[in-house]
Amino acid sequence: MRIIDLRSDTVTKPTPAMRKAMMEAEVGDDVFGEDPTVNRLQEMAADMMGKEAALFVTSGTQGNLVSILAHCQRGDEAIVGDLSHTYHYEQGGMAQVGGVHPRVLPNAVDGTLDLEQVEAAIRPNNVHFPRSRLLILENTHNRCFGAPLPPDYIRQAADVAHRHGLKLHIDGARIFNAAIALGVDVKDLVAPADSVTFCLSKGLSAPVGSVVCGTKEFIEEARRARKVLGGGMRQAGVIAAAGIVALTEMVDRLAEDHANARRLADGLAQIPGIEIRTDFVHTNIVYFDVVNGMSAAEVTERARAAGVLMLPTGPQRIRAVTHYGIEEGDIEEALDVIRHVMTSA
Ligand SMILES: *Cc1c(COP(=O)(O)O)cnc(C)c1O
């Protein structure tokens, strides 16, 4: 049975071109800064993001944490959304490892934070308070239907942060999805930010790795933080080589994933017992609710038995993500399976 795995875009496997590049990669000791392939990936990433410098890290989680550690001292505060990956899915690393206090504000359904609330949350200089140091935004916003945050909003958020001496970090795990969905250059999405992390290992299909970008000075701090977290890798060019292929060959095709997510969402909307806000679907992430009395876990369990894998993310809510390797025909097949599961209860 062919498995259609819609749990996450992290299940993507390296392309044949990546395997070849990995095999042929020129390598050196990256802790000495001597891996030419890592250096090339970092230069390429910095260039694409319009930043001075970049750092190859093991994961998006590590990228966000080294960024927070580079921007903040112990006792500082970072403003984050209550549905953000940084707050939800990273073990509270900022507090656990960095002694950084999260100030949590509600995410709107489109992934934004209300900028009046952000401004009001910034602490005055007072011995009772932690020091507000960092604002973190997520683009696309994973838990908010994969929403892409537009350049105007990012600019306004950066203005608020900078006016009060805070830095802006963008968790751009899927920043290229945002750029493609909005039809803008990725540079325009991150220009106002002091740092950005993006993942090579999601829709871009590389096996391992993320990249952090920012000023030279910031990247030096991030490099120190990466080392203490055990992220100083040696002949990392073997994996960076796949990242270079990801950036050269895998960005534009993300539009196909968005089209497939749209197909999936429109098809789900036709199935009795499913509620879905198709107007929220702009990138490769689809959420829908099961309202026929079955639980999300029951539906995903039955769909799994028929070869379609999805992720229950709440009692009634299911997530399905499109990615490299999922074709139009797979979407039709997945819809058939889900329709059958929903109507044969
Ligand atoms: C996946 C993800 C991360 C973390 O990436 P890992 O490589 O899995 O650690 C961070 N932020 C967002 C929004 C993500 O979706």
Side-chain angles (χ1 to χ4, degrees), residues 5-14 41 45 49 54-69 78 80-94 96-97 102 104 107-108 110-113 134-149 154 168-179 181 186 189-190 193 195-213 222 225-226 229-231 233 236 239-240 242-243 246 250 254 257-258 261 282-287 311 313 319-324:
D5 194 343
L6 302 174
R7 288 172 302 169
S8 176
D9 46 10
T10 55
V11 303
T12 44
K13 294 186 178 153
L41 170 66
M49 293 290 151
L55 183 70
F56 185 44
V57 293
T58 58
S59 66
T61 301
Q62 188 179 63
N64 285 331
L65 185 53
V66 302
S67 299
I68 293 165
L69 294 175
V80 289
D82 64 340
L83 298 177
S84 67
H85 196 283
T86 317
Y87 181 62
H88 247 282
Y89 295 125
E90 298 178 13
Q91 269 193 34
M94 72 170 82
Q96 183 181 176
V97 179
V104 187
N107 276 114
D110 64 357
T112 59
L113 298 174
L134 183 64
L135 170 63
I136 304 176
L137 295 176
E138 183 172 318
N139 200 7
T140 64
H141 202 294
N142 187 336
R143 295 247 307 193
C144 295
F145 305 93
L149 278 55
I154 308 282
L168 172 63
H169 173 70
I170 296 181
D171 174 1
R174 296 185 183 82
I175 195 75
F176 289 106
N177 294 85
V186 71
L189 285 178
V190 301
S195 56
V196 57
T197 306
F198 69 87
C199 291
L200 297 163
S201 58
K202 292 189 170 165
L204 300 184
S205 307
V208 183
S210 286
V211 184
V212 181
C213 304
R226 183 187 69 172
L229 295 175
M233 298 176 284
I239 48 178
M250 302 301 284
L254 293 173
D257 300 340
H258 298 179
H282 297 294
T283 63
N284 67 329
I285 300 182
V286 176
Y287 284 93
L311 214 58
T313 62
R319 190 183 82 163
V321 182
T322 56
H323 52 79
Y324 174 69

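Numbering of ligands and ligand atoms starts at 1, following listing order. It should be emphasised that the depicted structure is a prediction, and the values quoted were computed from it without experimental measurement.
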Asker: Give the minimum heavy-atom separation between Phe198 and Cys213, together with the two atoms involved.
Answerer: CE2-SG, 4.1 Å

Asker: To which protein heavy atom is atom 7 (O) of ligand 1 closest, and what is the distance rounded to 0.1 Å?
Answerer: Gly60 N, 2.8 Å

Asker: What is the minimum heavy-atom distance between Val211 and Val57, and which atoms define it?
Answerer: N-CG2, 4.2 Å

Asker: Which ligand 1 atoms are under 4.0 Å away from a heavy-atom of Ser59?
Answerer: 7 (O), 9 (O)

Asker: If you measure from each non-hydrogen atom of Thr86 to ligand 1, which part falls under 4.0 Å: side chain, backbone, both or neither?
Answerer: neither

Asker: What protein heavy atom is closest to atom 13 (C) of ligand 1, reported as residue, atom name and distance in Å?
Answerer: Glu138 OE2, 3.1 Å

Asker: With a heavy-atom distance limit of 4.0 Å, tell me whether Lys202 approaches ligand 1 through its side chain, its backbone, both, or neither.
Answerer: side chain

Asker: So which atom in Thr197 and which in Asn64 form the shortest heavy-atom distance, rounded to 0.1 Å?
Answerer: OG1-OD1, 3.4 Å

Asker: Among protein heavy atoms, which lies nearest atom 10 (C) of ligand 1, and at what distance?
Answerer: His85 ND1, 3.2 Å

Asker: Does at least one non-hydrogen atom of Thr10 fall below 4.0 angstrom from an atom of ligand 1?
Answerer: no

Asker: Taking all atoms of both residues into account, what is the closest heavy-atom pair of Gly231 and Gln62, and its distance?
Answerer: CA-NE2, 3.5 Å

Asker: I'd like to check which ligand 1 atoms, numbered from 1 as shown, lie under 4.0 Å from a non-hydrogen atom of Asn64.
Answerer: 10 (C)

Asker: For Asp5 versus His323, what's the shortest heavy-atom pair and its separation?
Answerer: O-NE2, 2.7 Å

Asker: Find all atoms of ligand 1 within a distance of less than 4.0 Å from any non-hydrogen atom belonging to Arg174, and give their numbers and elements.
Answerer: 15 (O)

Asker: When you measure from the heavy atoms of Glu90 to every atom of ligand 1, does any distance fall below 4.0 Å?
Answerer: yes

Asker: Can you sort out which atoms of ligand 1 are near Thr61, meaning under 4.0 Å from one of its heavy atoms?
Answerer: 4 (C), 5 (O), 6 (P), 9 (O)

Asker: For atom 11 (N) of ligand 1, grab the closest protein heavy atom and report residue, atom and distance to one decimal in Å.
Answerer: Asp171 OD2, 2.6 Å

Asker: If you count the non-hydrogen atoms of other residues, nucleotides and ligands that lie under 6.0 Å from CD in Gln91, is the total more than 12?
Answerer: no

Asker: Does the side chain of His258 come under 3.5 Å of the side chain of Asn177 through a donor N or O and an acceptor N or O?
Answerer: yes

Asker: Looking at every non-hydrogen atom in both residues, tell me the closest pair between Arg7 and Val321 and how far apart they are.
Answerer: O-CG2, 3.8 Å

